[in-house]
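In what follows, a single structure is set out as structure tokens and then discussed.
Atoms considered below: every heavy atom in the structure, side chains included; atoms not considered: hydrogens, waters and symmetry mates.
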Amino acid sequence: MDNARTPRSVNRRRFLQGSSSVALLGLLAACGRDSSSPEETAELTGALSLLLGSHMGPIEEAADNHADAFDIDLAVEHVTTPDLRNVLTNAFMARRSQWDAVFLSAEVVQEMADRQWLTDISGVLEPFTQSEDFMVRTMTAAEDGGQYLAVPWNVGAPIMHWNKTLLEQVGLDPEAPAQWHSQQNSWDTFVEYAKELTTTIDGQQTYGFTDAWADTAVLNTWGSLLQMHGGQWFDEDGQPAFNSDAGRAATEKLYDLLHTHQVVDPAATTYTWVFDASPAFLNGSRGLFFTYPFMAGVANDPEESEIAGANGYAPKPAVDTSASVDGSEFLAIPTFAENQGEAERFLEHVLSPEVQKEIAMAGWATASTEANLDPEVLEQYPVNEAVVQSYEYPVDYGFSPDSAMWRGILADQIHAVLTNSTGIEAALDDAAAQIVSERS
């Protein structure tokens, strides 16, 4: 864990200092929530301790402003995403928390909730989720049985990027991919484009498509295809449901890209994350790329990319529908928080329109459609339009308390298919059986 920032001494300030405080109280009133009601709000102690990701600059700035406005003694500690699960588990196993609100990745929300380590914050979040402005599918990882477990602070499901210049070089319409997400069976068009893009240009081998398929990374695209076919990861009882017609079709499509059509960068099965796959896309030798929205900024930076100004982006193509898998990040209140009232008030501040726009202006898409599509935001981050569109479609990732276990099992079986070690139906049935066995 990174070094903590020690609590700061604060002088008494006016209760309503700054426009964000006024706006927050107005928003609460508009939502029908009385911020001073003792029946709805836990005690306000004037102290707040946060565990934030080391990348969460906009949230730390919002915390500073919030502490200034309400005369709060604020303490902040930092954690890296790879260390997050261990740091939280070590603290909460002792049934204590030195933090009142904590950063959570989508992968750990259900695990923490299953252990009874998170507070139900439905009362905080419901007024916002009922607004048309709120992108409800950003809560895919943080909703359980009608309860809300955490507040999304940034959102992002993988989308499709493409090299417009390369498309033009092989005679393809460089703007057409922008509409595929809204066109049923456009996956077939995606494949045809990938075939045309797999060629040799000026002596350089190009491939139509690149992605990260090593280890569990393969589930990002496989899970998207599962949902594009109308499938689901698990049924209502939490039992594997992916060994279905939809799951078999998803696996076949991956296999065909690699073997039948041979349009995938052959090294894709060794790429574990975006920065393994991105160099060939950024040097102009890969046509289409499924990855997170932030790649738009990298691809259009002349210092980082040879395709600056030629990168397109949109939600993924469709079969029955477009789909992706959610990669949002959250803030939650531990069950053992000492200052729950202050934590709730801070989360309400994070959800305020002013802070949502500040987060978006810092380059992080949010759960607020209005913030993402604000003209000032779009001028700097036009990819946010694609982010909003991507959440109009399914983005489930089968979130469960034992995700780490079953993802490894399922990914191994999909890789067995891709290496011609087993058949599709046997692979998915074996994965389902192994998961059931592990859970028993």
Side-chain angles (χ1 to χ4, degrees), residues 106 135 137-138 140-141 152 154-164 166-167 174-183 186-187 189-191 193-194 197 208-213 217-228 250 253-254 257 264-265 268 271 273-278 281-282 286-301 305 307 310-319 321-329 360 363-369 371-373 377-378 380-397:
M135 294 158 53
R137 283 195 171 102
T138 62
T140 301
N154 88 76
V155 306
I159 60 173
M160 179 176 63
H161 301 255
W162 66 93
N163 178 348
K164 294 183 179 182
L166 195 57
L167 267 63
E175 303 302 329
Q179 302 303 319
W180 289 348
H181 66 94
S182 62
Q183 300 167 354
S186 58
W187 181 268
T189 308
F190 161 80
V191 171
Y193 268 56
L197 290 161
F209 177 59
T210 193
D211 201 353
W213 284 5
V218 72
L219 298 179
N220 286 347
T221 295
W222 185 88
S224 301
L225 281 163
L226 173 72
Q227 295 173 94
M228 288 180 195
K253 281 183 167 57
L254 283 193
L257 290 174
V264 183
D265 178 348
Y271 298 154
W273 71 322
V274 54
F275 291 110
D276 293 332
S278 62
F281 179 71
L282 297 175
R286 304 293 183 265
L288 302 141
F289 185 16
F290 290 170
T291 193
Y292 290 97
F294 78 87
M295 184 52 59
V298 179
N300 284 318
D301 182 349
S305 168
I307 64 170
N311 181 55
Y313 36 79
K316 294 178 182 179
V319 182
T321 180
S322 178
S324 191
V325 293
D326 189 35
S328 298
E329 294 183 335
W364 302 91
T366 82
S368 166
T369 299
N372 290 324
L373 300 184
V377 173
L378 283 179
Q380 293 191 47
Y381 306 104
V383 72
N384 278 14
E385 182 175 3
V387 174
V388 171
Q389 290 174 331
S390 70
Y391 280 92
E392 295 173 1
Y393 304 106
V395 293
D396 188 23
Y397 202 171

For this session: May I have the step-by-step check of side-chain contact (heavy atoms from CB on, under 4.5 Å) for Leu373 and Val388, ending in yes or no?
Result: CA-CA 8 Å; Leu373 300 184; Val388 171; 4.0 Å; yes
For this session: I would like to know whether Val387 and Val155 meet side-chain contact (heavy atoms from CB on, under 4.5 Å); could you show each step before the answer?
Result: CA-CA 8 Å; Val387 174; Val155 306; 4.2 Å; yes
Are the side chains of [Y] and [X] in contact, using a 4.5 Å heavy-atom criterion?
| X | Y | answer |
| --- | --- | --- |
| Thr210 | Tyr271 | yes |
| Trp273 | Ser278 | no |
| Leu254 | Thr221 | yes |
| Leu197 | Leu288 | yes |

For this session: Check step by step if salt bridge (Lys or Arg N to Asp or Glu O under 4.0 Å) holds for Arg286 and Asp265.
Result: CA-CA 8 Å; Arg286 304 293 183 265; Asp265 178 348; 3.2 Å; yes
For this session: Test Ser322 against Trp187 for side-chain contact (heavy atoms from CB on, under 4.5 Å), laying out the working first.
Result: CA-CA 9 Å; Ser322 178; Trp187 181 268; over 6 Å; no
For residues 289-301, run the donor-acceptor check on the side chains, cut-off 3.5 Å, and write out each pair with its distance to 0.1 Å, sequence neighbours left out.
unit_1	atom_1	unit_2	atom_2	d
Asn300	OD1	Gly309	N	2.9
Asn300	ND2	Ala296	O	3.2
Asp301	OD1	Glu303	N	3.0

Report the distance from atom [atom1] of [X] to atom [atom2] of [Y], rounding to the nearest 0.5 Å.
| X | Y | atom1 | atom2 | value |
| --- | --- | --- | --- | --- |
| Thr366 | Met135 | OG1 | CE | 7.0 Å |
| Lys253 | Leu225 | NZ | CG | 7.0 Å |
| His181 | Met160 | NE2 | CE | 8.5 Å |
| Tyr397 | Thr140 | OH | OG1 | 13.5 Å |
| His161 | Ile307 | NE2 | CD1 | 10.0 Å |

Exercise. How far apart are the C-alpha atoms of Ser182 and Tyr393, what are their side-chain angles, what is the distance that settles it, and do they pass the side-chain contact (heavy atoms from CB on, under 4.5 Å) test?
Worked result: CA-CA 10 Å; Ser182 62; Tyr393 304 106; 4.2 Å; yes
So, for [X] and [Y], which heavy atoms are closest and what is the spacing to 0.1 Å?
| X | Y | answer |
| --- | --- | --- |
| Pro177 | Leu167 | CG-CD2, 3.9 Å |
| Phe281 | Gly287 | CE1-O, 3.8 Å |
| Val395 | Ala157 | CG1-CB, 4.2 Å |
| Tyr391 | Gly327 | OH-N, 4.3 Å |
| Leu219 | Val325 | O-CG1, 4.4 Å |
| Trp162 | Ala314 | CZ3-N, 3.5 Å |

Between [X] and [Y] (side chain of the first, backbone of the second, donor and acceptor by atom type, cut-off under 3.5 Å), is there such a pair?
| X | Y | answer |
| --- | --- | --- |
| Trp180 | Lys316 | no |
| Gln227 | Ser324 | yes |
| Ser368 | Ala371 | yes |

Exercise. Is the ring centre of Phe190 less than 6.0 Å from the ring centre of Phe209?
Worked result: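 Yes - the distance between ring centres of Phe190 and Phe209 falls below the 6.0 Å cut-off.
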For this session: Quick one: list whatever passes side-chain contact (heavy atoms from CB on, under 4.5 Å) with Glu175, sequence neighbours left out.
Result: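 With sequence neighbours excluded, Glu175 shows a side-chain contact (heavy atoms from CB on, under 4.5 Å) to Lys164, Asp173, given in chain and number order.
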Problem set entry | Positive for side chain to side chain contact (heavy atoms under 4.5 Å, CB included) with Asn372, one of Leu378, Val377, Asn384, Val383 |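 It is Asn384, the one option of Leu378, Val377, Asn384, Val383 that forms the side chain to side chain contact (heavy atoms under 4.5 Å, CB included) with Asn372.
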